[in-house]
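Inspection log for the structure reproduced underneath, given as structure tokens.
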Amino acid sequence: PVIALRVSRPSLPAKTALLSDADRRDLRLVARRTWRFFETYVTAADNDLPPDNFQETPHPLLARRTSPTNIGLYMLATTAAHDLGWIGRAEATARLQRTLATIQRMPTFRGHLYNWYATEDLSVLEPAYVSSVDSGNLAGHLIAVAQACVDWQRTPLSETDWRAGLADILLLASRALKDAPAADAAWTNIWAELSDAAAQHAPLDRLLDLSSAAVIRFRAMAVADPEAEFWVVAVRDCLASHAADRNLSHGLRLTVVEHLAREFATGMEFGFLLDEEKKLLSIGFSTTT
């Protein structure tokens, strides 16, 4: 009885160690490299939906299918990319709005997306099936996105946030450039000036001009290093995305995105998936049997 009493009591909360600056930086870099998948492969060719995966071996192959979980994760990743300073508010809002517009065109069952779709034409992949897990994931992600839209209307992205996002990309670019072929003096000077200007918190316009010059010069060198080029261009794109936010009001578009996300999340009918006796949701429902 003593042992039963002891194990039944709530355990004391574990002491939580604060992340070191190095750990925090490393986690941000992992997250930024993860965002690269979404910004690369979520395109109009796939109706602004995230492909399931990209296979590198034995040969490159993009899996042009998606699920409700994939869609929800992409929208949540877009929200995080904004909050971490990698993309501006206009870009984040546009991405969310395009994907939500696609969802409105996809075949559904009692408000649910099916488990798998072809991203090229939005056709349902057989067997047609509604997954409780996937629908639950999507609903939760959409509610989080809707709340983010509310928060964004109250608070603008701070200068500290976008500069932190820029610092992430500059560091990834610098690491990639170490493995790139030797650069000429003109390129080296431009990159050094950009790095110094970012460290000294130079104005956005100055940083954008320098990053644009860096991209032009890098490409003029015809250096065959796609990894380094990607991150050099990413620096420019980050700054351009934030520059696009100036003097723009996002209130109406954010309201639209919030409404669409919340409406779809709450429009899913879960009652037919519930086992009344066990008070548990079934794993899913096949619409073909």
Side-chain angles (χ1 to χ4, degrees), residues 24-103 106 113 115-122 125 133-134 137-138 140-142 144-145 148 161-162 164-177 179-180 215 225-242 257 261:
R24 190 179 301 275
R25 179 202 62 205
D26 289 343
L27 287 171
R28 287 183 64 101
L29 296 186
V30 169
R32 180 58 186 83
R33 289 193 294 267
T34 303
W35 171 244
R36 179 179 178 177
F37 171 84
F38 295 109
E39 66 179 336
T40 300
Y41 295 118
V42 179
T43 67
D46 286 283
N47 287 287
D48 297 292
L49 297 175
D52 187 62
N53 63 80
F54 177 75
Q55 171 186 295
E56 294 183 340
T57 57
H59 53 80
L61 179 65
L62 186 65
R64 304 187 74 176
R65 60 181 180 272
T66 198
S67 69
T69 294
N70 289 344
I71 295 170
L73 283 172
Y74 163 64
M75 297 185 71
L76 206 59
T78 300
T79 306
H82 165 275
D83 291 348
L84 290 167
W86 305 326
I87 61 176
R89 186 157 297 179
E91 180 179 345
T93 305
R95 283 179 172 274
L96 294 172
Q97 194 167 17
R98 289 195 299 268
T99 300
L100 284 166
T102 295
I103 291 176
M106 295 166 70
L113 291 180
N115 206 31
W116 289 104
Y117 293 83
T119 55
E120 299 155 287
D121 60 9
L122 307 184
L125 300 181
V133 173
D134 277 77
N137 287 341
L138 178 60
H141 295 156
L142 288 174
V145 167
D161 290 334
W162 73 254
L166 174 63
D168 295 335
I169 307 172
L170 278 168
L171 181 54
L172 288 167
S174 296
R175 290 181 177 180
L177 288 165
D179 298 325
V215 171
D225 193 313
E227 182 69 12
E229 181 176 357
F230 175 88
W231 292 112
V232 170
V233 173
V235 171
R236 190 269 320 270
D237 290 349
C238 171
L239 291 163
S241 186
H242 289 296
V257 171

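You'll find the side chain of W162 reaches within 4.5 Å of the side chain of L239, heavy atoms only. Counting heavy atoms from C-beta on, the side chains of L29 and R33 come closer than 4.5 Å. A heavy-atom distance below 4.5 Å is not found between the side chains of T119 and N47. Side-chain atoms of L113 and D134, non-hydrogen and from C-beta on, never get closer than 4.5 Å to each other. Annotation: side chain of N53 is in contact with side chain of R65 (closest heavy-atom distance under 4.5 Å). In this structure, the side chains of L62 and D46 come closer than 4.5 Å at one or more pairs of heavy atoms. Counting only heavy atoms from C-beta outward, the side chains of L100 and M75 approach each other to under 4.5 Å. Counting heavy atoms from C-beta on, the side chains of T40 and F230 come closer than 4.5 Å.
T78 OG1 to H141 NE2: the interatomic distance, rounded to the nearest 0.5 Å, is 12.0 Å. Separating the CG atom in D83 from the CG atom in D161 is a distance of 7.5 Å, to the nearest 0.5 Å. Considering OH of Y117 and CD1 of I103, their distance stands at 9.0 Å, rounded to 0.5 Å. The CH2 atom of W35 sits 4.5 Å away from atom CD1 of I87, with the distance rounded to the nearest 0.5 Å. The distance from atom OG1 of T66 to atom CG of D48, rounded to the nearest 0.5 Å, is 11.5 Å. Here the CD-OG1 distance, from Q97 to T102, works out to 11.0 Å after rounding to the nearest 0.5 Å.
For R175 and E227, the salt-bridge test fails: no basic side-chain N is under 4.0 Å from an acidic carboxylate O. Between D168 and R32 no salt bridge is recorded (no basic side-chain N to carboxylate O distance below 4.0 Å).
Contact between A148 and T79 at its shortest, heavy atoms only, is CB-CG2, 3.5 Å. Of all non-hydrogen atoms in R64 and A45, the two that sit nearest each other are NH2-O, 3.2 Å. Closest approach of W231 and A173 over heavy atoms only: CB-CA, 3.5 Å. What you find for A92 and H82 is that their closest heavy atoms are CB-CB, 3.8 Å. Smallest separation of non-hydrogen atoms from G88 and S241: N-OG, 2.7 Å. Of all heavy-atom pairs spanning P58 and Q55, the tightest one is CD-NE2, 3.7 Å.
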Between R25 and L171, does the side chain to side chain contact (heavy atoms under 4.5 Å, CB included) criterion hold? Intermediate values first, please. CA-CA 10 Å; R25 179 202 62 205; L171 181 54; 3.6 Å; yes

In sequence, state the C-alpha distance, the side-chain angles, and the governing distance for W116 and N70, and then conclude on side chain to side chain contact (heavy atoms under 4.5 Å, CB included). CA-CA 10 Å; W116 289 104; N70 289 344; 4.1 Å; yes

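The closest donor-acceptor contact from the side chain of R28 to the backbone of L84 lies under 3.5 Å. The main-chain N or O of G85 is found under 3.5 Å from a side-chain atom of H242 such that the two form a donor-acceptor pair.
Using cut-offs of 30° and 60° for the angle between ring planes, the F38 and Y74 rings count as tilted.
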